[in-house]
Amino acid sequence: MMHYPLYFAKQSDRWQHQGVAFIGLNHDEKYHTYSRKYLITVGQFMDVVKQENDGADLNIDLDEIMWIGAKTLRDSWYGTILYLGKEDGYPIFTFTADWNLDVPLNKPSHEYLSMIIKGLKTTLKLDDTEIINYLIIKPGIDGHYSRKDIQKLI
């Protein structure tokens, strides 16, 4: 569970020109954003960040990011590295945008939202009501999808 906001914005060519997920930069215990962690090497993490940044070589100093909490390395959708803390002695990082909800929201496509729902259902074992209650309030979904719409995707 991340205590950072989840929101949907931009227009992704890959996802029917609709919104995709981003993590906001402000830590607050009121936020509850489900996530999935993978224990990977630093090299693997660097490779994933590179892939999400159009192959750009980024100078990522994870020790510095742990110290300051977040750092924007590139003006791109996923060019900001966010340090989330440690678990079992391992640092936890993610990448997101640096605009922190200061961007027009955009609803995700049915296909994109269905992929997220599948993860919530299979990985976290959330039931239908929990999934609906979780998603319906997220910026970019709120006001664009009804409870009934989300239930149809489930």
Undergrad: Is Phe93 reachable from Val42 through a run of I, L, V, M, F, W or Y residues, each pair having side-chain heavy atoms under 4.5 Å apart?
TA: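 Linked within one cluster.
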
Undergrad: Is the backbone of Trp15 close enough, under 3.5 Å, to the side chain of Gln18 for a donor and an acceptor to pair up by distance?
TA: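 Not a single qualifying donor-acceptor pair exists.
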
Undergrad: Just one of Asp127, Ile154, Leu135, Asp128 clears the side-chain contact (heavy atoms from CB on, under 4.5 Å) bar with Leu120, so which one?
TA: Leu135

Undergrad: Pro5 and Thr33: which non-hydrogen atoms are nearest, and at how many Å?
TA: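 Residues Pro5 and Thr33, closest heavy atoms: C-OG1, 3.7 Å.
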
Undergrad: Which heavy atom of Tyr83 sits nearest a heavy atom of Pro91, and at what distance?
TA: CE1-CB, 3.9 Å

Undergrad: In terms of the angle between their ring planes, are Tyr78 and Phe22 parallel, tilted or perpendicular, with boundaries placed at 30° and 60°?
TA: parallel

Undergrad: Which atoms form the tightest heavy-atom contact between Ala9 and Pro104, and what is the distance?
TA: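 Closest heavy-atom pair between Ala9 and Pro104: CB-O, 3.5 Å.
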
Undergrad: Kindly give the heavy-atom pair with the smallest separation between Gly24 and Tyr7, and that separation in Å.
TA: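 Heavy atoms of Gly24 and Tyr7 come nearest at N-CE2, 3.6 Å.
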
Undergrad: Could you pull out the closest heavy-atom pair between Ala56 and Lys50, with the gap in Å?
TA: O-CG, 3.3 Å

Undergrad: Are His110 and Lys152 close enough that some pair of their side-chain heavy atoms sits under 4.5 Å apart?
TA: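 Of all side-chain heavy-atom pairs linking Lys152 with His110, none is under 4.5 Å.
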
Undergrad: Do the numbers put Lys138 on top of the ring of Tyr134, so that NZ or CZ is under 6.0 Å from the six-membered ring centre and no more than 45° off the axis?
TA: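 That pair qualifies as a cation-pi contact.
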
Undergrad: Any chance you could measure Ile65, atom CD1, to Ile60, atom CD1, to the nearest 0.5 Å?
TA: 6.5 Å

Undergrad: Can you name the salt bridge (charged side-chain N to carboxylate O under 4.0 Å, His left out) partners of Asp142, sequence neighbours left out?
TA: none

Undergrad: With rounding to the nearest 0.5 Å, note down the distance linking CD in Gln11 to OG in Ser109.
TA: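 Separation between the atoms: 12.0 Å.
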
Undergrad: Taking only residues two or more places apart in sequence or in another chain, which ones pass side chain to side chain donor-acceptor pair (under 3.5 Å) with Asn133?
TA: Arg147

Undergrad: Is there a donor-acceptor pair closer than 3.5 Å between any side-chain N or O of Asp61 and the backbone N or O of Glu64?
TA: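 Indeed, once roles are kept as given, a pair shorter than 3.5 Å links the two residues.
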
Undergrad: Return the CD1 to OG distance between Ile23 and Ser35, rounded to the nearest 0.5 Å.
TA: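 So the gap between those two atoms works out to 7.5 Å.
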
Undergrad: Count I, L, V, M, F, W, Y as connected when their side-chain heavy atoms are under 4.5 Å apart, and connections chain through other members. Are Tyr38 and Leu62 then in the same cluster?
TA: yes

Undergrad: Hey, does Tyr145 have a side-chain heavy atom less than 4.5 Å from the side chain of Leu153?
TA: yes

Undergrad: Are Leu84 and Tyr31 joined in one hydrophobic group, where the rule is that I, L, V, M, F, W and Y side chains link up if heavy atoms are under 4.5 Å apart?
TA: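 No, because Leu84 and Tyr31 fall into different hydrophobic clusters, even though each may have its own neighbours under 4.5 Å.
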
Undergrad: Quick check against the 3.5 Å criterion: does Asp47 have a side-chain atom that pairs as donor or acceptor with the backbone of Gln44?
TA: no

Undergrad: If you group Ile, Leu, Val, Met, Phe, Trp and Tyr by side-chain heavy-atom gaps below 4.5 Å, do Leu58 and Leu25 land in one group?
TA: yes

Undergrad: Working to the nearest 0.5 angstrom, can you tell me the gap between Ile40 CD1 and Tyr90 OH?
TA: 13.0 Å

Undergrad: Would you check if Leu73 and Asn59 make a side-chain contact, meaning some heavy-atom pair closer than 4.5 Å?
TA: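 Leu73 does not reach Asn59 side chain to side chain.
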
Undergrad: Just how far is it from atom NZ of Lys118 to atom CG of Leu113, taken to the nearest 0.5 Å?
TA: 14.0 Å

Undergrad: Going by side chain to side chain donor-acceptor pair (under 3.5 Å), name the residues that satisfy it together with Thr72, two or more places apart in sequence or in a different chain.
TA: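 For Thr72 the side chain to side chain donor-acceptor pair (under 3.5 Å) partners, ignoring immediate neighbours, are Thr80.
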
Undergrad: On the 0 to 90° scale, with breaks at 30° and 60°, tag the Phe8-Tyr112 ring pair as parallel, tilted or perpendicular.
TA: perpendicular

Undergrad: Look only at the side chain of Asp28 and the backbone of Lys30, and say whether a donor-acceptor pair between them is shorter than 3.5 Å.
TA: yes

Undergrad: Is it the case that one hydrophobic cluster holds both Ile81 and Ile68, taking links as side-chain heavy atoms less than 4.5 Å apart, direct or via other members?
TA: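 No, it is not one cluster - the side chains of Ile81 and Ile68 are not joined through contacts under 4.5 Å.
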
Undergrad: Would you check if the side chain of His144 reaches a backbone N or O of Lys107 as a donor-acceptor pair within less than 3.5 Å?
TA: no

Undergrad: Quick one: closest heavy-atom pair of Lys10 and Asn106, and the distance?
TA: O-ND2, 2.8 Å

Undergrad: Give, for atom CZ of Arg74 and atom CG of Asp98, the distance between the pair rounded to the nearest 0.5 Å.
TA: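 Here the interatomic distance stands at 12.0 Å.
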
Undergrad: Do Thr123 and Arg36 have side-chain heavy atoms sitting under 4.5 Å apart?
TA: yes

Undergrad: Show the numbers, then the answer: is there a side-chain contact (heavy atoms from CB on, under 4.5 Å) between Leu126 and Tyr34?
TA: CA-CA 11 Å; Leu126 298 183; Tyr34 291 112; 3.7 Å; yes

Undergrad: Do Lys121 and Ile116 have side-chain heavy atoms sitting under 4.5 Å apart?
TA: no

Undergrad: Over 60° means perpendicular and under 30° means parallel, so tell me whether His27 and Tyr4 are parallel, tilted or perpendicular.
TA: perpendicular

